[in-house]
K.L.:
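Below is a structure I'd like to ask you about.
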Amino acid sequence: MNERTILDLNETRNVIIEIIDQVRGDRTQLLAVLRECQSRWRHLSPQVITLIAEEMDLSRVHVEGVATFYHFLSRTHRGNYTVYVNTSATAEMAGSHAIVKAFEREVGISFGETTSDRQIGLRTTSCIGMCDQEPAILINDVVFTRMTDAKVTKIVAGMKANRPVRDLVESLGDGKNALEEIHAEVSNHIRVRGPVFFTDFEPGTALKAAMNHGALEVIDEVKQSGLRGRGGAGFDTGQKWGFCRAAESETRYVMCNADEGEPGTFKDRVLLTEMPELIFEGMAVAGYAIEAKHGILYLRGEYAYLKDYLENVLTKMRQEHLLGRRILGTRFSFDIQIKVGAGAYICGEESALIESAEGKRGQPRNRPPYPVTSGYLRRPTIVNNVETFGAAAKIILNGAAWFRKMGTPASSGVKVLSVAGDCERPGIYEVEWGMSIRELLAICGAKDVLAVQVGGPSGQCISQNEFDRKLCFSDLSTGGAVTIFGQKRDLLSIVHNYMEFFEDESCGFCVPCRTGNTLLIKALEKIMVGNGTAADIENIKQLGKTIKATSRCGLGQSSPHPLLSTIRNFTEIYQKKVRADVDFLSQFDLKFAVIDSCVAANRKPNLEIDSEVVDGTRPN
Amino acid sequence: MEQGQISLTIDGKECVAKEGQSIVQAARENGLFIPTLCDFRSLSPAGTCRVCTVKVGGRFVPGCTSPAVNGMVVENETAELTDLRRALVEMLIVEGNHMCPSCEKSGNCELQELAHHYRIVVPRYPFLFPVQKVEARMAHLFIEHKRCIQCLRCVRGVRAKDGHEIFGFMRRGSDVRITVDVTDPEAVSEATAKKAMEICPVGALIQKRVGFRVPIGQRRFDRKHEKDGKQL
Amino acid sequence: MKKKKLVLATTSLAGCFGCHMSLLDIDERILDLVELVTFDKSPIDDIKEFTQMCDIGLIEGGCCNSENVRVLRDFRKHCKILVSVGQCAITGGLPALRNGIPVAELFKEAFLTGPTVDSKSSQIPNDEEIPMLLDRVYPCHEIVKIDGYLPGCPPRADLLWEALNLLIAGKSLDELNFDLVRYD
């Protein structure tokens, strides 16, 4: 090693020590440390990984494992400006493909590459929660929405001129998006305001009501309200809190799942933008109920632009004695810490979220034990969705009976929906459970609808025949995503997009999810190009069942849904694509298979043998 | 029944197990076979391969990470489960490059043996032909990533000479792979390499300079089938 | 009346003829075999092209070039039952280790820069008579419908013998004694 590299090494080490000191060497903050190093050096070199491991006293393979798990961390340089274009289904419908082309044209490189001067890197990414204002992109944590060709040109010019990304934001969104601390182009698009969220809320009132009730009564009230988890799984919230409180431990944790990654969902983004006090107070109420002192908001990396704002809200709440030591002058202490993800859908799964919050790879855990008995740092933990905490705070404030009056007997209260796709008014709808799809389509101005994806890719795709079905736990359950596809859409390419999403976002731990989804895509592609037979549809169904039955967590247990639900509800689309008259069709294409070798050998392909092909079918 | 014991049925057979045992352990102790790949002796179970999937109360659960519970009714060797397990073995085969004739582990390979158990002649899925480089920088061990089934037995069970973690798990999705800390090429001693090869169910971890000491045809599972073949 | 003999055809595509050697390894049972079957297109009797419809076709090797594809399709057309014999036919086998490496790179290594190449006269062969190399090696069942599989490298002689007897008796290969099956 020469003198120069030793100097560089020491300098890098000093910077890393400084970053680690900021989190007081806390190993659960490994992800935060890696995020900071990525943002500083735009990549995580082998040397940086080694230094972090040494300075945090972790094994190198552990740090490498974490550093390579998350989409926003990278071992190769992603450019001083990293452009992430969202390629989700709704983004593609809104024209993200043209935006991709525009960036390639303006920057002069392809997606997946970084310019040779390391100034600009182009990457794609999964849904960033802006489905109602696509095409949307992220550049160094700053969101740009409703992208156009002209906007791309301007932004690229700004990046080439070294301008701060924030300064490239031209118009600010509505509501608190316009605040200096957020300063985002993002719109809220709150189309229907209901009685639970997006109404006046006086901070402190829910906590006071909770303290008047007493902890056990709070849990009882939540049970009485019939509140069920709003993230999608729909577990009884009061019961979860009760189990956690009953688990013996000195320490318990309250975790708020703001890793809203299901394509088509964006309601938590709006709730956190407009009603953070309500959400945080809901967490404090939960803390009071289960006797926890620590709360963690796990914010998805895509929403990092909200972090400073949310930290300020927390500071203000501490000043007002709604958080911190001796809340409202009582002996109850509770505080909330924000942890930011780094691009991994799987972290929305509660045990993966816990692992990630502990600074590890976001891999789901084996269950049992469940988080209520062994969660964050192996202590009893409740993990609830953003919306669930908001609803709980309002329930404590207004009573279970008030909440039960809304919705249906089995699905009480309201649901905040994220509506996107082919409709006139995409955005946020707070509606009572029990609304039919037909009613919802009418309010949001959707006409000539081919299909509605309820609950995101992991939910169901329904056809016109089923538009009278109702949004509720016993019929169409949803974490909030409702995506509408008009008659002109190519459903199979949407299904393909969804399947690629699951393939990209699988953690890779168990084989059915890691490889099964890849095989499903191959089988779908065979049908899409016209090489499918009836047997291929059956094979997809079988494989889908196998993946669902044997996968380790919710991701794999629901990843075949885009295929299975469209095969069920749109059979004719598949039937039209497959050959019914043959029992075997080869995907082999001689023309394609020999082109590389003919080019390399500088000869003309001879495709004579293809002239007598009989589909490879057996003679009689 | 003694203190700390529980009873359960597996495919209708009454079984007695110790509290805290997994379904796989309970079955094994009662002379019943549930296939496993990632589960290994005293290592904490991982649940990566899923071939021990059983059915309890109408739900599919992995036998290695699910505790046996008193009164539990377990389905094991049903046609449905056999097909699921076979499908999982086939997925493991197509996602890698399991070319038995050129593999040092042939005859000692647990994946090969399970394929044989399920009478697999050709997987129902297309081969994916992954391209991955061989990690050969260490003095005593090489890693053939294409044969790795991500069971994580090495990650859980093998440490360096000085006790620190040297095997890890990196990347995600279909890109996942085991990794070894090669910043210290001496970390993997000859003894560690030997242990790594023994703990690996397939031919992903191979100790250098011991190849084919035992000829093909005279290995663990070869002898078993020769015997079984003669009994028939 | 004497039962009509079944007609058998065999070929080696991207294989090493090891599977054919293994067939010869049935030793004296080959005398029984010729009582039961006649060979049509096969390297065993050196008949180059099909002269009739055959009952059973045995395929050794996968498809690495256009000629392999032509022969395989010809077999499919002329055989009632087509069996993939050996790991190469079933999985692509040893030749498939090249799968994933760009063909141009393979040519360069094999014909231009490899250690055994005489660099003065080196060139990539491009005569129109030479079969075209495929982008990868394909297992036979990816190209035509295959009715049965006999694993092994090679499949052991006892396995081949038993399999042929099952097929001659009109039975399914599912009935094989699996202890005869080895994958190596």
Side-chain angles (χ1 to χ4, degrees), chain A residues 46-47 49-50 53-54 58-71 75 344 346 361-369 502-523 526 539 542-543 545-553 556-557 587, chain B residues 37-38 44-53 55 59-62 64-67 69 80-81 83-96 124-126 128 149-152 155 159-160 164-184:
Chain A
Q47 189 192 56
I49 288 174
T50 303
E54 282 174 14
L58 290 162
S59 75
R60 191 181 187 283
V61 287
H62 176 81
V63 179
E64 192 183 21
V66 177
T68 53
F69 187 84
Y70 297 90
H71 187 59
R75 283 175 305 165
I346 186 63
R361 292 165 62 80
Q363 275 164 193
R365 291 178 177 172
N366 290 314
R367 275 148 301 171
F502 285 124
E503 186 191 32
D504 286 346
E505 296 295 339
S506 165
C507 81
F509 191 88
C510 70
V511 67
C513 181
R514 173 175 74 232
T515 296
N517 288 317
T518 305
L519 296 170
L520 278 179
I521 291 173
K522 277 187 128 28
K526 184 168 188 255
N539 291 344
Q542 272 303 321
L543 174 55
K545 265 193 209 162
T546 302
I547 298 171
K548 275 170 69 81
T550 58
S551 286
R552 188 158 165 267
C553 78
Q557 286 159 13
Q587 267 203 289
Chain B
L37 282 170
C38 68
S44 64
T48 69
C49 75
R50 319 307 283 175
V51 298
C52 66
T53 298
K55 208 169 181 183
R59 293 185 57 191
F60 297 100
V61 297
C64 68
T65 62
S66 306
V69 174
E80 182 187 33
L81 285 167
D83 187 58
L84 278 182
R85 293 167 178 176
R86 196 183 143 133
L88 291 166
V89 173
E90 289 173 354
M91 275 185 222
L92 287 167
I93 291 171
V94 300
E95 74 168 3
R124 69 190 80 174
Y125 310 116
L128 297 176
I149 57 166
Q150 325 299 342
C151 68
L152 307 186
V155 176
R159 294 282 163 123
H164 83 269
E165 252 179 359
I166 37 169
F167 285 97
F169 195 37
M170 64 185 285
R171 306 197 200 171
R172 79 172 187 211
S174 48
D175 285 334
V176 284
R177 70 195 51 185
I178 54 161
T179 177
V180 67
D181 187 353
V182 286
T183 48
D184 173 11

K.L.:
Which answer fits A:Arg361, side chain, backbone, both or neither, if we ask what part of it has an atom under 4.5 Å from a heavy atom of chain B?
P.N.:
side chain

K.L.:
Does any backbone or side-chain atom of A:Thr50 lie under 4.5 Å from a heavy atom of chain B? Answer side chain, backbone, both or neither.
P.N.:
side chain

K.L.:
Determine yes or no for a side-chain-to-main-chain donor-acceptor pair under 3.5 angstrom, with A:Arg514 supplying the side chain and A:Gly508 the backbone.
P.N.:
yes

K.L.:
Mind ranking A:Asn539, A:Leu543, A:Ile547 by heavy-atom pairs under 4.5 Å with chain B and telling me who comes out on top?
P.N.:
A:Leu543

K.L.:
Donor-acceptor pair, B:Ser66 side chain versus B:Pro62 backbone, under 3.5 Å?
P.N.:
yes

K.L.:
For B:Pro126, which atoms come within 4.5 Å of any heavy atom of chain A: side chain, backbone, both, or neither?
P.N.:
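Answer is both: backbone and side chain atoms of B:Pro126 are under 4.5 Å from chain A.
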
K.L.:
Taking A:Arg552 for its side chain and A:Pro364 for its backbone only, find out whether a donor-acceptor pair lies under 3.5 Å.
P.N.:
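Present.
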
K.L.:
Taking the basic N atoms (NZ, or NE/NH1/NH2) and the acidic carboxylate oxygens, is any pair closer than 4.0 Å for A:Glu54 and A:Arg60?
P.N.:
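Salt bridge absent between A:Glu54 and A:Arg60.
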
K.L.:
For chain A, find which of B:Thr53, B:Val94, B:Leu88, B:Val61 contributes the most heavy-atom pairs closer than 4.5 angstrom.
P.N.:
B:Leu88

K.L.:
When heavy-atom pairs shorter than 4.5 Å are enumerated against chain A, which of B:Ala46, B:Cys151, B:Pro67, B:Cys38 gives the highest number?
P.N.:
B:Ala46

K.L.:
Taking the side chain as every heavy atom from C-beta outward, state whether A:Arg75 and B:Arg171 have any pair of such atoms under 4.5 Å apart.
P.N.:
yes

K.L.:
Of the listed residues (A:Asp504, A:Asn366, A:Thr515), which shares the most heavy-atom pairs with chain B below a 4.5 Å separation?
P.N.:
A:Asn366

K.L.:
Return the option, out of A:His71, A:Lys548, A:Lys545, A:His62, with the maximum number of heavy-atom pairs under 4.5 Å with chain B.
P.N.:
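It is A:His71.
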
K.L.:
For chain B, which of A:Val66, A:Thr550, A:Asn517, A:Thr518 has the most heavy-atom pairs under 4.5 Å?
P.N.:
A:Thr550

K.L.:
Run the salt bridge (charged side-chain N to carboxylate O under 4.0 Å, His left out) test against B:Arg50 and tell me which residues pass, sequence neighbours left out.
P.N.:
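For B:Arg50, no residue satisfies salt bridge (charged side-chain N to carboxylate O under 4.0 Å, His left out) once neighbours in sequence are set aside.
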
K.L.:
Checking heavy atoms, do the side chain of A:Tyr70, its backbone, both or neither come under 4.5 Å from chain B?
P.N.:
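The backbone, not the side chain.
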
K.L.:
Flag the one option from A:Cys513, A:Ala523, A:Cys510 with the top tally of heavy-atom pairs under 4.5 Å to chain B.
P.N.:
A:Cys510

K.L.:
Do A:Val61 and B:Ile166 make a side-chain contact, defined as non-hydrogen atoms from C-beta onward lying under 4.5 Å apart?
P.N.:
no

K.L.:
Identify, with sequence neighbours excluded, every residue that meets salt bridge (charged side-chain N to carboxylate O under 4.0 Å, His left out) alongside B:Asp175.
P.N.:
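For B:Asp175 there are no salt bridge (charged side-chain N to carboxylate O under 4.0 Å, His left out) partners, ignoring immediate neighbours.
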
K.L.:
Please identify, among A:Pro512, A:Gly362, A:Pro368, A:Ala344, the residue contributing the most non-hydrogen atom pairs under 4.5 Å to chain B.
P.N.:
A:Pro512

K.L.:
Less than 4.5 Å to any heavy atom of chain A: does that hold for the side chain of B:Leu128, its backbone, both, or neither?
P.N.:
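For B:Leu128, the contact with chain A is made by the side chain alone.
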
K.L.:
What part of A:Gln587 is in contact with chain B, defined as an atom under 4.5 angstrom from a non-hydrogen atom: side chain, backbone, both or neither?
P.N.:
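No part of A:Gln587 comes within 4.5 Å of chain B.
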
K.L.:
Could you state the interatomic distance from CD (B:Glu80) to CZ (B:Arg85), rounded to the nearest 0.5 Å?
P.N.:
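So the gap between those two atoms works out to 10.5 Å.
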
K.L.:
Within this structure, what is the CD-OG1 distance for the pair B:Gln150 and B:Thr48, rounded to the nearest 0.5 Å?
P.N.:
8.0 Å

K.L.:
Between chain A and each of B:Phe169, B:Phe167, B:Tyr125, count heavy-atom pairs under 4.5 Å; write down the option with the most.
P.N.:
B:Phe169

